[in-house]
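I have placed the structure first, in the form of C-alpha cells, so that the comments after it can refer back to it.
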Amino acid sequence: MSVLAFDLGASSGRAVLGLLHDSRMEIREVHRFSNNPVFAGEHMHWDILRILHEMKQGLLRTKQAGERVSSVGIDSWAVDFGILGKDGELLGNPYHYRDTQTNGVMEEVLNKIPAERIFQKTGIQFLPFNTIYQLAALKKRDSYLLREGAHLLMIPDLLRYFLTGEKQHEFTNATTTQLFNPVMNDWDRELIKQIGIPEEWFGPIVSPGTEVGMLRSEVTKELGIRPVPFIAVAEHDTGSAIAAVPATDGPFAYLSCGTWSLMGTEVDAPIINEQTLASNFTNEGGVGHTYRLLKNIMGLWIFQETIREWEREGHDVNYDKLLHLAEQAVPFQHFIDPDHSMFLPAGNMTTRIQEYCVKTNQRPPQTQGEIIRCILESLAMKYRYVYELTEQVSEQSFSGLHMVGGGIHNHLLCKWTASALGKPVYAGPVEASAIGNIIVQWINEGVFSSLTEARKAVKESFPVLTYEPENAEAWKEAYFEYVKYTNLAAYV
C-alpha cells in the first residue's frame, strides 16, 4: 500500500512515496525541487504557481514509477497564506514571512489589543511574522486584497484547493495563525474583527486524517492519471515531524531541526497561563487532538545564510571542511543569542555576528572556523536553555532529547547539543515531516490504529543515532558564560 506525501520547506520541496512491507515503512523520493522566494518591487513573495507546477511533476513521476497511490497529503511551513477573490481566483502571489511589510506591525497591534488578551485567546507565541500581523499589515496599508478578497487559505490549503477545488482549513496550520481559539476549537471571530479582517475569509476547520477532496478532473486529464483522494494530514510541517518522533514511553522532549528549530513537548491540552506567556511559548495543534507546547528557535538559518554569504563572495565553501574547521577552533570563545532580532533578515550574517559580540563585550570571531563554531555552540546552548524552560513550564522531566529533521545531518550540532544538555540526544529520523505526513494518511486508511502504533513502526523502520554527552562539566561552566553574555536567565 503506497501513499504520496508532498513535503514543502522554505527552501525546497519534495514528493515522497510511503511504502509498507510487513509493517516496516520505506520512503522513496520521486521528485525534488527548489523553492526560492522572489523579490518583486519592494516585496518578497512565494512563487506559488511554480510550486503547483512542481507538485504536478511529482504526481506525474509517481505514475511513471508505476505506483498507484491510495491517497495524497501536503505539509508545508506555517503562517503564510493566499487570498482568493469572489470568483475563486488567487489574488496575487502570497507574501513571504520574511517580507518587510510586517516591520513594527506586531507592536502596533499589541498597543491596540493587550498581549495578555491575545495569548489568553490563542495560546500562541508572539512572532512578528505571524498570520495575524501579516493581515494587520494589509489592513494598515489598505491593500486591495481586503476589498477584493473572499477567502483566506494557508499555503497547504491553497495548493490543495488548486488540485481539488475544495476549500478547507486544516487544524494544525490554523492554530499557528494566532487567530484560532483552542478553548472554542474554532476561529476567534472577535479577534478577527478587531484586526479588521472579514470574518467570511475563515471557513470550516478539519482535523488531521480527514479526507478533503479528490484530484480534480482538469488535473487528471492534464497529467493522464487517475483520480486520487487528498487527506488533510498535519499540514504544518512541524506537526507532521512531531507525529513521526519515535518516542514510545512517557513524556518526551523533541527538537525539529532545520532552517528553524522548534523545541517542546506533546501535551493533551494547551497550557495557557502567565508562565507560558512570559516565556513566549506556543500551543500549536498536533495529531490526535494533542497540542505541541513549544518554542521557536532561529535554528540553522544563521548557519545557512553565512554559507550563502561566503559563496556569493566567491569563497570556496565545503560543508564538511567548515565543520572540521569549527571542531578545531578553540571552544567557548564567542556566544550569540540566535533569536536576537538582528539575525532574522537575510544577508551580512558574518558582520552581524561580529557586531553582536562587540556589543556584548566579547572578542568577535574572525576565521571561518571561529564563526561556524560560534553559531553551532550558541545553538546548542540555546537548546539547553529552551529544554530546561520546557521542563519548567510543562512541569515534566525528560531523560533526553529527540532530534528530527534535516538538521541532524550536522553531526557537530547533535554532539554539542548532547554535551550542552548533559543528556543523550536521539537523532532520527531525518525525513520526519514526510514520514509524519505519510503515517497520518495510513492512520486514515486503518493501516495503523493509533499514533502510538505508528510511532512504534517508525522506530522499527528508520535509524536513530544516539549522542552521549562529552566534557559535561566544561559545557556546564560555559553555559553560565553563555547566559551572561546573551542576557538570558539560567534555568537550573
Side-chain angles (χ1 to χ4, degrees), residues 5-10 13 35 46 48 51-52 55 72-84 94-97 122-125 127 129-135 151-164 166-182 184-188 191-192 197 201-213 230-244 256 258-260 262 264 266 270 282-294 296 432-434 436-438 440-441 444:
F6 285 106
D7 179 29
L8 309 176
N35 181 22
W46 294 108
I48 197 71
I51 298 173
L52 174 63
M55 290 177 69
V72 180
I74 308 169
D75 68 80
S76 87
W77 65 97
V79 306
D80 291 337
F81 56 88
I83 297 173
L84 304 180
Y95 289 95
H96 192 291
Y97 60 84
T122 67
I124 292 296
Q125 177 180 8
L127 295 168
F129 47 73
N130 284 351
T131 311
I132 185 175
Y133 309 119
Q134 293 195 43
L135 290 169
H151 207 94
L152 178 146
L153 291 175
M154 305 301 285
I155 294 296
D157 301 327
L158 177 62
L159 291 164
R160 182 158 38 76
Y161 165 72
F162 287 148
L163 292 167
T164 67
E166 301 290 338
K167 304 187 196 81
Q168 295 102 346
H169 300 272
E170 185 276 325
F171 169 66
T172 67
N173 227 347
T175 63
T176 70
T177 62
Q178 213 167 20
L179 291 168
F180 177 88
N181 189 315
M184 298 164 50
N185 197 34
D186 198 0
W187 300 112
D188 194 299
L191 193 52
I192 290 169
I197 303 301
W201 281 14
F202 300 86
I205 299 171
V206 299
S207 299
T210 304
E211 186 172 322
V212 282
F230 276 66
I231 307 300
V233 296
E235 290 190 345
H236 182 200
D237 53 8
T238 306
S240 279
I242 303 317
S256 179
T259 300
W260 286 94
L262 300 103
E266 195 171 71
T282 200
N283 293 270
E284 297 175 352
V287 176
H289 306 291
T290 60
Y291 276 81
R292 291 171 286 124
L293 178 68
L294 63 85
N296 281 49
S433 294
N437 181 323
I438 288 163
V440 170
Q441 294 185 62
N444 170 73

Can you list the residues that meet the side-chain hydrogen bond (donor to acceptor under 3.5 Å, both in side chains) rule with [X], with sequence neighbours excluded?
| X | result |
| --- | --- |
| N130 | Q178 |
| W187 | none |
| T259 | Q304 |

Could you list the residues that satisfy side-chain contact (heavy atoms from CB on, under 4.5 Å) with [X], not counting sequence neighbours?
| X | value |
| --- | --- |
| A241 | S256, V404, A432, S433 |
| T290 | E266 |
| N444 | I231 |

Closest approach of [X] and [Y], non-hydrogen atoms and distance?
| X | Y | value |
| --- | --- | --- |
| S207 | H289 | OG-CE1, 4.2 Å |
| K167 | L84 | CE-CD1, 3.7 Å |
| G436 | A243 | CA-CB, 4.3 Å |
| V233 | G73 | CG1-CA, 4.0 Å |
| H169 | L153 | CE1-CD2, 4.1 Å |
| T172 | H236 | OG1-N, 3.2 Å |

May I ask you to check whether F129 and W77 place their ring centers less than 6.0 Å from one another?
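They do not qualify: ring centres at least 6.0 Å apart.
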Can you pull out every salt bridge (charged side-chain N to carboxylate O under 4.0 Å, His left out) where at least one residue sits in residues 230-239? Sequence neighbours excluded, please.
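Counting only pairs at least two positions apart or across chains, the salt bridge (charged side-chain N to carboxylate O under 4.0 Å, His left out) contacts touching residues 230-239 are R160-E235.
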Just by modelled atom types, is the [Y] backbone N or O under 3.5 Å from a matching donor or acceptor in the [X] side chain?
| X | Y | value |
| --- | --- | --- |
| S240 | A234 | yes |
| Q441 | V72 | yes |
| E170 | P156 | no |
| T131 | V79 | yes |
| N437 | A5 | no |

Who are the ring-ring contact (aromatic ring centres under 6.0 Å, His included) partners of [X], not counting sequence neighbours?
| X | answer |
| --- | --- |
| F162 | none |
| F171 | F180, Y291 |
| W201 | none |
| Y95 | H43, H45 |

Please round to the nearest 0.5 Å and tell me the distance separating atom [atom1] of [X] and atom [atom2] of [Y].
| X | Y | atom1 | atom2 | value |
| --- | --- | --- | --- | --- |
| L158 | W46 | CG | CH2 | 13.5 Å |
| N35 | I51 | CG | CD1 | 4.0 Å |
| N283 | L293 | CG | CG | 5.5 Å |

Is there a side-chain contact (heavy atoms from CB on, under 4.5 Å) between V287 and I242? Walk through the geometry before answering.
CA-CA 9 Å; V287 176; I242 303 317; over 6 Å; no
With a 4.5 Å limit on heavy-atom distance, are the side chains of [X] and [Y] in contact?
| X | Y | value |
| --- | --- | --- |
| F81 | D157 | no |
| M154 | T176 | yes |
| L159 | I48 | yes |
| L135 | L152 | yes |
| I155 | P94 | yes |

Just to verify, what does D7 make a salt bridge (charged side-chain N to carboxylate O under 4.0 Å, His left out) with, not counting sequence neighbours?
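Checked D7 against salt bridge (charged side-chain N to carboxylate O under 4.0 Å, His left out); matches are R14.
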Begin with the C-alpha distance, continue with both residues' side-chain angles, and end with the deciding distance and a verdict on side-chain contact (heavy atoms from CB on, under 4.5 Å) for E284 and I124.
CA-CA 7 Å; E284 297 175 352; I124 292 296; 4.1 Å; yes
Check step by step if side-chain contact (heavy atoms from CB on, under 4.5 Å) holds for I74 and L8.
CA-CA 8 Å; I74 308 169; L8 309 176; 4.0 Å; yes
Determine whether Y97 and Y133 satisfy the following criterion, side-chain contact (heavy atoms from CB on, under 4.5 Å), listing intermediate values before the conclusion.
CA-CA 10 Å; Y97 60 84; Y133 309 119; over 6 Å; no
Checking side-chain contact (heavy atoms from CB on, under 4.5 Å) between L179 and each of L191, T122, D188, which is the one that passes?
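Testing each of L191, T122, D188 against L179, the sole residue satisfying side-chain contact (heavy atoms from CB on, under 4.5 Å) is L191.
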